[in-house]
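Single-structure report; data block below.
In what follows, every chain begins at residue 1, and chains take the letters A, B, ... in the order their sequences are listed. What you see below is based on every heavy atom in this structure, not just the backbone, and it leaves out hydrogens, waters and symmetry mates.
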Amino acid sequence: MVTVRFAPSPTGHLHIGGARTALFNWLFARHNNGKFILRIEDTDRSRSTEEYIESIIEALKWLGLDWDEGPFRQTDRLDIYRKYAYKLLEEEKAYRCYCTPEELEQRRQESLKQGKPPRYDRRCREIKNSLSKPFAIRFKMPFEGETVVNDIVKGKVIFKNSELEDLVILRSDGTPTYNFCVVVDDYEMKITHVIRGEDHLNNTPKQIHIYKALGIEPPQFAHIPMILGPDRARLSKRHGATNVLTYKEEGYLPEAVINFLARLGWSYKDQEIFTKEELIEYFRLEDVGKANAIFNAEKLLWLNSEYIKMTNEKRLFELLKPFLIKDGYIKEEKQIDIEWASKAIRSLKERCRTLKELSHAMRYYLLDYVPIEEKAKEKYITEKTLPLLKEITERLETLQEFSQKNIEKIFIDMVNEKGIKLGDIAQPVRVAITGSTVSPGIYEVLEIVGKEKTLNRLRRIIYAY
RNA sequence: GGUCCCAUCGUCUAGCCAGGUCAAGGACGUAGCCCUCUCAAGGCUAAAGCACGGGUUCAAAUCCCGUUGGGACCGCCA
């Protein structure tokens, strides 16, 4: 059975790059009816936090990337790693290193200064008798030869063993290091395919030697390209929103984010928009590109607008509620007629690219009075338009059924009778009712706002002039 | 510095593995036009790319080599 894992380290929130790695793993597992495991790599105790673990889990749930096993935590499994590490020590495939981190750092700096590769000089490798000093366990890398990685995405990659260093597998405090736990865990969890960022490609030969020393067969590897910021540097906090959950807060739909992430480094014919089912059906690691991709926020925005258009109004309203409450347009406990809300959302959804924008646009449907933009007021609420506003108010007052159709008739009649253009009256009314020069069709807006609020707002602006 | 990866419009990409049907297709963004009560949406059109240099071949975006450019990794971080 195909088994993959997503193994984030909880030293930060789930970022865009990590989310795509998780997505590719998830898609691969679902496509192959395999298993997707979540594993938390928290052996860096000083930087890992509970808060980040929860945040990562929340983000994965929001994206709908469900896992079949886990979350496993490496800090719960320390005995296992120790067991394997000591096994290697006994078999003399690893050795005790008595150098202190301070000494190592100092030597590193010196090597760097002299332009030499900052590699451990293996000075403890030949110490025969154990000393009574604190020690770390280092793995014995071969001095020569080559290691071949047959990567599903990158193809055949050959590394010189002479470039590999004797890495620490168990720290002096007894905790294991990354390159060691991945191997042990991927073996113990029967991972068949390791799908991870390209930043791990250089680690792969080291891990392959650990597999060999442990006498186990390495899994298949697939190293997916990096996601870069617009400046071509690796995506980081400097580039703004990299935390997946901020996209939730900014009003993006999870399926839009998924769709966007899937198309970063992967494609299927000329298709841009995919349902989750389609992604699962079409996704193949062989179709993942080799080149790094730049995060294109504009395209994500476009995709989100497409998803908003495709989403039915009832679901949009549910998604919108937290935004409306936060913006102060509705109260949590207040009941809103769902049919009315649907009508309102329908009028706006093709004009908004995020839920946040949509919420903001809803203000003139929900509030009693809206703030009027100064520029709009100057341009459209004038001596010239005031009589028109008065007249349309009077005409609208007479309406029994305040429907779009009837409202339209009132406008058209007035335009014909007075020999004016529709815009001459529609724009001032729009400003009076929405506070802005931009809105859905004016008849539609008036119907949704309703007779009472419409007349109140018109009278108020006339009175205030 | 060393090692490894990568290279098609500004961006995401199709095409490359199995060279010809590619005077390179789609999408985002940009510009223009149409529609129009505003703004969107929608429709149509346009500008925009095979990094460079060699080689192989009747034929190269596609195969090979080099150059340049970008990225990643070199930790008792993951």
Mark yes when over 12 heavy atoms from residues, nucleotides or ligands other than A:Tyr211 sit less than 6.0 Å from its OH; otherwise mark no.
yes

Using a cut-off of strictly less than 4.0 Å between a heavy atom of the residue and any atom of RNA chain B, enumerate the qualifying residues of residues 251-276 of chain A by number.
A:Arg263, A:Leu264, A:Gly265, A:Ser267, A:Asp270, A:Glu272

Calculate the interatomic distance between A:Arg351 atom CZ and B:C37 atom P; express it in whole Å.
13 Å

Starting from the 5' end of RNA chain B, give me the residue, A:Asp199 or A:Ala291, whose nearest nucleotide shows up first.
A:Ala291

Separation of A:Ile227 atom CD1 from B:U13 atom C1', in whole Å?
14 Å

Figure out the CE/C1' separation between A:Met226 and B:A7, and round it to whole Å.
17 Å

N-O pairing of A:Arg138 and A:Asp166 below 4.0 Å
no

Quick one: A:Glu163 CD to B:G2 P, roughly how many Å, whole number?
10 Å

Between A:Arg430 and B:C39, is there a contact of a side-chain N or O with OP1 or OP2 at under 4.0 Å?
no

Please state whether the phosphate of B:U11, meaning OP1 or OP2, lies under 4.0 angstrom from any side-chain nitrogen or oxygen of A:Arg232.
yes

Cation-aromatic face contact A:Arg20/A:Phe24, 6.0 Å, 45 degrees:
yes

Within residues 38-49 of chain A, which residues have any heavy atom lying less than 4.0 Å from an atom of RNA chain B?
A:Glu41, A:Thr43, A:Asp44, A:Arg47

Phosphate OP1/OP2 of B:C73 contacted by A:Arg234 side-chain N/O (<4.0 Å)
yes

With a 4.0 Å cut-off, would you call A:Lys83 and A:Asp79 a salt bridge?
no

Can you check the A:Phe139 CZ to B:G75 C1' distance for me, whole Å?
18 Å

Would you kindly give the CG-to-C1' distance between A:Leu14 and B:A78, to the nearest whole Å?
15 Å

Please check if atom NZ in A:Lys93 has more than 12 non-hydrogen atoms from other residues, nucleotides or ligands closer than 6.0 Å.
yes

Between A:Glu286 (CD) and B:A14 (C1'), how many Å, whole number?
17 Å

Identify, with sequence neighbours excluded, every residue that meets side chain to side chain donor-acceptor pair (under 3.5 Å) alongside A:Tyr365.
A:Ser347

Which residue lies toward the 5' end of RNA chain B, A:Ala7 or A:Ile294, if each is placed at its nearest nucleotide?
A:Ile294

So, are A:Glu188 and A:Arg39 salt-bridged, with charged N and O less than 4.0 Å apart?
no

Between the side-chain atoms of A:Ser172 and the base atoms of B:C76, is any donor-acceptor pair under 3.5 Å?
yes

Atom C1', compared across B:G15 and B:C22: separation rounded to whole Å:
8 Å

Round to a whole Å and report the spacing from CD of A:Glu357 to P of B:A40.
12 Å

Heavy-atom neighbours of A:Gln106 CD exceed 12 at 6.0 Å:
no

When we call it a touch if two heavy atoms are under 4.0 Å apart, what does A:Lys309 touch: a base, just sugar-phosphate, or nothing?
sugar-phosphate

Chi angles and distances behind the salt bridge (Lys or Arg N to Asp or Glu O under 4.0 Å) call for A:Asp424, A:Lys418:
CA-CA 11 Å; A:Asp424 295 337; A:Lys418 309 213 62 127; over 6 Å; no

The single option from A:Leu320, A:Thr354, A:Leu319 passing side-chain contact (heavy atoms from CB on, under 4.5 Å) against A:Ser359:
A:Leu320

